[in-house]
**Student:** 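One structure, pasted below without further comment.
None of the values given here were measured: they were computed from a predicted structure. Order of the sequence lines fixes the chain letters, A, B, ..., with proteins taken first and strands second; residue numbering starts at 1 for each chain.
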Number of protein chains: 2
Amino acid sequence: MDPEERRRLVAEAVFRVVCRHGLEQTSLRNVAAEAGLAIGSVRHYFAGHTELMVFAMREMSARLIARLTAHADRLLDPSAPLTPDEQRETVVRMLAEMLPLDEERRTEVVVWLSFAAAARTRPELRAHADELYDGLLVLTTRILEGARRAGRLRPDSDIAVEARRLCALLDGLSLESAFHPGRLDADTMLAVLRAHLAALTPAAAS
Amino acid sequence: MDPEERRRLVAEAVFRVVCRHGLEQTSLRNVAAEAGLAIGSVRHYFAGHTELMVFAMREMSARLIARLTAHADRLLDPSAPLTPDEQRETVVRMLAEMLPLDEERRTEVVVWLSFAAAARTRPELRAHADELYDGLLVLTTRILEGARRAGRLRPDSDIAVEARRLCALLDGLSLESAFHPGRLDADTMLAVLRAHLAALTPAAAS
DNA sequence: TCCTTTATAGCACGGTCATGCTATTTTTAT
DNA sequence: ATAAAAATAGCATGACCGTGCTATAAAGGA
């Protein structure tokens with residue numbers, strides 16, 4: 001089997017263990033058991049526990065970024081301009097990609113937040129945590145700049161502040177859904193997101 | 001020495017260890033060393049590791065709730081009505097109490113998020129995590145209801161949605177400040193909070 | 001003073017962990 | 001067929017952990 005494929009299978013076992021039992025239970029033994037492998041087999045693909053964690057975090061980061069950029073490319077593609085309604089819907093869908101609206105995405109958010117929390121005290125993870133945070137800030141900034149060019153943003157808005165605000169809202173929804181399961185359903189999250197976006201547009205365009 | 005006093009001193013050692021090295025390093029041994037005690041002494045006041053964690057989480061929860069209610073009482077006290085400007089400033093200050101604007105509050109947020117994350121997989125902590133979340137939702141709801149009564153809220157606002165949105169914003173700012181230290185300074189956080197509150201009020205009142 | 005209670009301290013056991021190292025099996029290339 | 005390489009499996013060590021249990025010191029009341 002392709003080594004990279006094997007590494008990804010192990011990483012997915014990491015995700016399952018993290019989601020079910022937490023990062024502190026994600027030992028080489030538990031991951032190996034989850035993947036149906038012996039501990040020695042896992043260590044054949046990863047030099048040690050740290051390397052496995054870094055790889056898993058990179059894998060999750062890549063997965064999230066890929067989904068975001070797919071939407072961003074469609075939205076910002078100048079060769080296939082979208083109608084205003086399509087723009088608005090595409091923006092909602094793209095930002096909704098970051099929300100744990102279904103079980104699969106909820107797992108991803110839980111795993112990602114676990115890694116981001118661990119990165120606070122583990123230097124080898126720090127860069128990857130900040131990378132996604134910076135990417136999200138850049139992405140929201142671009143969306144807001146596009147909205148301003150299209151006249152769909154209140155003229156007195158400070159884009160830098162609004163980008164922070166939108167990021168914080170998305171992160172907050174993710175955090176609450178991840179840490180307080182069952183208290184924030186998908187419909188409510190979407191309603192909050194739509195309310196926020198509606199509040200950003202000028203009253204005349206609503 | 002008063003036993004309760006001793007327990008609180010140990011809890012503060014827990015906070016320091018959690019903030020500096022993370023919850024997974026918060027063992028009885030490390031906490032005892034941080035508190036300048038022998039491990040047996042700590043165990044004289046706490047039956048075991050779980051009881052220590054629950055106590056520390058309760059202690060932090062109580063501290064946060066106390067600060068919030070102090071501001072809430074002042075704001076909602078009908079015997080000493082505030083001018084609109086005072087109301088607005090009091091609301092900002094109260095909500096800012098939840099933000100990690102200085103080192104002390106940043107430590108509290110880091111510790112609290114660590115516990116909230118751990119509560120996801122540890123049933124004995126779950127109730128305390130949800131308690132503070134529910135309290136924050138109730139508090140923001142009351143604030144928005146008060147603003148609506150005073151005519152300081154856009155009339156088309158859905159208070160339930162707006163309360164969720166405000167909570168998510170506060171949680172998001174806390175999360176980013178805790179997990180990405182140095183990327184979100186106090187001034188920016190306050191600017192985001194003020195922008196959000198300003199966007200909630202009718203255009204005529206701005 | 002003596003005795004009981006409380007506080008402080010620490011040992012020892014069993015468990016989990018990461019990891020260095022080796023053995024066995026399977027695959028691949030020649 | 002055979003040698004080399006890759007993959008799988010597992011043992012042994014040392015470290016850290018929670019906890020049951022005991023020992024020593026301090027404090028307080030008779």
Side-chain angles (χ1 to χ4, degrees), chain A residues 1-59 111 114-115 117-119 121-125, chain B residues 1-59 111 114-115 117-119 121-125:
Chain A
M1 177 179 289
D2 179 29
E4 272 308 300
E5 171 94 7
R6 188 55 103 187
R7 284 164 72 93
R8 260 189 286 119
L9 286 181
V10 176
E12 292 198 3
V14 170
F15 300 154
R16 290 194 295 274
V17 175
V18 170
C19 188
R20 207 177 316 134
H21 303 292
L23 196 62
E24 74 280 4
Q25 299 290 334
T26 310
S27 61
L28 289 180
R29 281 167 175 78
N30 291 344
V31 172
E34 174 69 31
L37 297 175
I39 183 173
S41 304
V42 175
R43 297 192 55 217
H44 181 254
Y45 293 97
F46 297 97
H49 184 257
T50 299
E51 186 177 309
L52 173 58
M53 292 299 113
V54 169
F55 179 86
M57 192 174 180
R58 287 187 65 91
E59 188 70 14
V111 169
S114 301
F115 278 122
T121 52
R122 290 199 240 183
E124 71 271 15
L125 301 179
Chain B
M1 176 179 289
D2 179 29
E4 272 308 300
E5 172 94 7
R6 189 54 105 188
R7 284 164 73 91
R8 260 190 286 118
L9 286 181
V10 176
E12 292 197 4
V14 170
F15 300 154
R16 289 195 296 274
V17 175
V18 169
C19 187
R20 207 176 316 135
H21 303 292
L23 196 62
E24 74 280 4
Q25 300 291 333
T26 309
S27 60
L28 289 180
R29 280 168 176 80
N30 290 344
V31 171
E34 175 69 31
L37 298 174
I39 183 173
S41 305
V42 174
R43 297 192 55 217
H44 178 69
Y45 294 97
F46 298 97
H49 183 257
T50 298
E51 186 178 308
L52 173 59
M53 291 300 113
V54 169
F55 179 85
M57 192 172 180
R58 287 188 66 90
E59 188 70 15
V111 170
S114 301
F115 278 122
T121 52
R122 289 199 235 181
E124 71 272 15
L125 302 179

**Student:** Rounded to whole angstrom units, what separation is found between the CD1 atom of B:I39 and the C1' atom of C:dA12?
**Tutor:**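 One finds 12 Å between C1' of C:dA12 and CD1 of B:I39, rounded.
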
**Student:** Below 4.0 angstrom, which residues in residues 17-30 of chain A have at least one non-hydrogen atom near DNA chain D?
**Tutor:**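 The answer is none.
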
**Student:** Starting at atom CZ of A:F46, determine the distance to atom C1' of D:dA7, rounded to an integer number of angstrom.
**Tutor:**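 Checked: the CZ to C1' distance equals 14 Å.
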
**Student:** Is any side-chain N or O of A:S41 closer than 4.0 Å to OP1 or OP2 of D:dA9?
**Tutor:**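 Yes, A:S41 has a side-chain N/O under 4.0 Å of OP1/OP2 on D:dA9.
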
**Student:** Expressed in angstrom and rounded to an integer, what is the separation of B:E5 atom CD from C:dA7 atom C1'?
**Tutor:**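 Those two atoms, CD and C1', are 16 Å apart.
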
**Student:** Quickly work out the A:M53 CE to C:dC17 P distance and round it to whole Å.
**Tutor:**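 Spelled out: CE on A:M53 to P on C:dC17 is 12 Å.
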
**Student:** Got a sec, which residues hit ring pair (Phe, Tyr, Trp, His ring centres under 6.0 Å) with B:F55, two or more places apart in sequence or on another chain?
**Tutor:**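 Applying ring pair (Phe, Tyr, Trp, His ring centres under 6.0 Å) to B:F55 gives B:F46.
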
**Student:** Could you pull out the closest heavy-atom pair between B:T26 and B:G22, with the gap in Å?
**Tutor:**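 What the structure gives for the nearest pair is OG1-O, 3.1 Å.
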
**Student:** Answer yes or no: does atom CZ of A:R58 have more than 12 heavy-atom neighbours from other residues, nucleotides or ligands under 6.0 Å?
**Tutor:**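 Incorrect, the count does not exceed 12.
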
**Student:** Tell me what B:H44 touches on the nucleic acid: a base, only sugar-phosphate, or nothing, going by heavy atoms under 4.0 Å.
**Tutor:**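 It contacts base atoms.
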
**Student:** State the CD-CD distance between B:E124 and B:E51, to the nearest 0.5 angstrom.
**Tutor:**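 B:E124 atom CD to B:E51 atom CD measures 11.5 Å (nearest 0.5 Å).
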
**Student:** Can you measure A:E124 atom CD to C:dA18 atom P for me and round it to whole angstrom units?
**Tutor:**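 My rounded result for the distance is 13 Å.
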
**Student:** Return the value, rounded to whole Å, for the distance between atom CG of B:L37 and atom P of D:dA25.
**Tutor:**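 Interatomic distance, CG of B:L37 to P of D:dA25: 18 Å.
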
**Student:** What's the CG-C1' distance between B:D2 and D:dA27, to the nearest Å?
**Tutor:**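 Whole-Å distance recorded here is 16 Å.
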
**Student:** Can you name the nearest heavy-atom pair linking A:I39 to A:R29, along with the distance?
**Tutor:**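 So the minimum-distance heavy-atom pair works out to CD1-CG, 3.8 Å.
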
**Student:** Where is the tightest heavy-atom contact between B:L23 and B:R122, given as atom of each residue plus distance?
**Tutor:**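 Heavy atoms only, the tightest pair is CD2-NH2, 3.9 Å.
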
**Student:** Just the rounded figure in Å: distance from P of C:dT8 to CZ of B:R43.
**Tutor:**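 Rounded to the whole Å, the gap is 15 Å.
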
**Student:** Pick one: which of A:L52, A:V18, A:L37 meets side-chain contact (heavy atoms from CB on, under 4.5 Å) with A:V31?
**Tutor:**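 Only one of A:L52, A:V18, A:L37 forms a side-chain contact (heavy atoms from CB on, under 4.5 Å) with A:V31, namely A:L52.
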
**Student:** Is the distance from OP1 or OP2 of C:dT8 to the nearest side-chain N or O of B:Y45 less than 4.0 Å?
**Tutor:**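 B:Y45 to C:dT8 OP1/OP2: side-chain N or O found under 4.0 Å.
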
